[in-house]
Chemist: 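Below is the structure I would like to discuss, written out as structure tokens.
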Amino acid sequence: MIKNSFIPIISQEKKKEENPGSVEFQIFNFTNKIRRLTSHLELHRKDYLSQRGLRKILGKRQRLLSYLSKKNGIRYKKLINQLDIRKSQIR
């Protein structure tokens, strides 16, 4: 399954990060969930509950990214490049 492919990445990240409550680790987990849900929705287009869950996770990740960009721009840019996600729009 797709879920098993993300387990080694998360375990490696835990060893590096040492703090699963950090903002970077939370964004990393949300990004993995988003990628999993996106691949699920490509197969099941009418799964509206998963679409709602995806929108909620996207909002949470967006709030964490904006928080990180305000607090520490260097860590924000490093994380954006590492996860290969586009730069967020700050309001």
Side-chain angles (χ1 to χ4, degrees):
M1 282 221 27
I2 297 171
K3 186 175 184 179
N4 294 336
S5 65
F6 292 104
I7 292 173
I9 296 170
I10 292 172
S11 62
Q12 289 173 359
E13 189 67 23
K14 279 185 183 178
K15 291 176 186 173
K16 271 179 29 180
E17 195 66 37
E18 297 179 6
N19 186 4
S22 70
V23 176
E24 288 93 347
F25 189 77
Q26 290 180 38
I27 293 171
F28 179 77
N29 278 339
F30 285 141
T31 303
N32 285 336
K33 287 181 184 180
I34 288 167
R35 290 182 178 150
R36 248 193 341 249
L37 277 172
T38 304
S39 65
H40 168 78
L41 288 172
E42 288 174 356
L43 296 173
H44 309 284
R45 294 186 188 278
K46 294 191 176 186
D47 189 355
Y48 299 116
L49 291 176
S50 293
Q51 288 177 13
R52 180 175 184 261
L54 178 63
R55 284 192 299 269
K56 289 179 80 166
I57 293 172
L58 283 169
K60 287 180 184 180
R61 185 180 75 172
Q62 184 63 39
R63 286 192 298 273
L64 283 172
L65 282 170
S66 66
Y67 168 78
L68 187 61
S69 69
K70 290 175 189 172
K71 291 293 179 183
N72 193 339
I74 296 169
R75 286 172 44 195
Y76 169 76
K77 289 179 183 178
K78 182 180 173 186
L79 185 67
I80 292 292
N81 292 332
Q82 180 183 2
L83 294 177
D84 194 31
I85 52 179
R86 62 178 172 245
K87 189 174 178 180
S88 68
Q89 298 292 327
I90 300 174
R91 295 179 188 175

Chemist: Any side-chain heavy atom of His44 within less than 4.5 Å of one from Ser50?
Modeler: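 A side-chain contact under 4.5 Å is absent here.
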Chemist: Write down the atom of Leu41, the atom of Asp47, and the distance for their closest heavy-atom approach.
Modeler: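 Answer, listing the atom of Leu41 first, then Asp47: CD2-O, 3.7 Å.
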Chemist: Tell me the closest heavy-atom pair linking Gln51 and Arg45, and the distance in Å.
Modeler: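 Closest heavy-atom pair between Gln51 and Arg45: NE2-O, 2.8 Å.
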Chemist: Quick check: are there more than 12 heavy atoms from other residues, nucleotides or ligands sitting under 6.0 Å from CG of Leu43?
Modeler: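 Enclosed.
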Chemist: Rounded to the nearest 0.5 Å, what separation is found between the CZ atom of Phe28 and the CZ atom of Arg61?
Modeler: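 Reported value, rounded in 0.5 Å steps: 12.0 Å.
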Chemist: Hey, could you give me the CG/CD1 distance between Leu79 and Ile27, rounded to the nearest 0.5 Å?
Modeler: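 Atom-to-atom, Leu79:CG and Ile27:CD1 are 5.0 Å apart.
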Chemist: Pick from Asp84, Leu83, Ile57: which one makes a side chain to side chain contact (heavy atoms under 4.5 Å, CB included) with Thr31?
Modeler: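 Exactly one pass, corresponding to Leu83.
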Chemist: Measure from the side-chain N and O atoms of Asn72 to the backbone N and O of Leu68, and report whether any donor-acceptor pair falls under 3.5 Å.
Modeler: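 Not confirmed, Asn72 side chain does not pair with Leu68 backbone.
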Chemist: Have a look at Glu24 and tell me which of Lys71, Lys78, Arg75 forms a salt bridge (Lys or Arg N to Asp or Glu O under 4.0 Å) with it.
Modeler: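 Looking at Lys71, Lys78, Arg75, the match for Glu24 under the salt bridge (Lys or Arg N to Asp or Glu O under 4.0 Å) is Arg75.
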Chemist: Identify the two heavy atoms, one from Gln26 and one from Pro20, that lie closest to each other, and give their separation to 0.1 Å.
Modeler: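 Heavy atoms only, the tightest pair is CG-O, 4.4 Å.
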Chemist: To the nearest 0.5 Å, what is the distance between CG on Leu54 and CG on Leu37?
Modeler: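 Answer for the CG-CG pair, Leu54 versus Leu37, is 5.5 Å.
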Chemist: Measure the CG-CZ distance between Asn19 and Phe25 for me, rounded to the nearest 0.5 Å.
Modeler: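 It is 9.0 Å, given to the nearest 0.5 Å.
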Chemist: Look up atom CZ in Arg55 and atom CZ in Arg52, then write down how far apart they are to the nearest 0.5 Å.
Modeler: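 So the CZ of Arg55 and the CZ of Arg52 are separated by 8.0 Å.
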Chemist: What closest approach, in Å, do Val23 and Leu64 show between heavy atoms, and which atom pair accounts for it?
Modeler: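 So the two residues come closest at CG1-O, 4.0 Å.
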Chemist: Under the side-chain contact (heavy atoms from CB on, under 4.5 Å) criterion, do Leu65 and Ile80 qualify, and how do the steps go?
Modeler: CA-CA 9 Å; Leu65 282 170; Ile80 292 292; 4.0 Å; yes
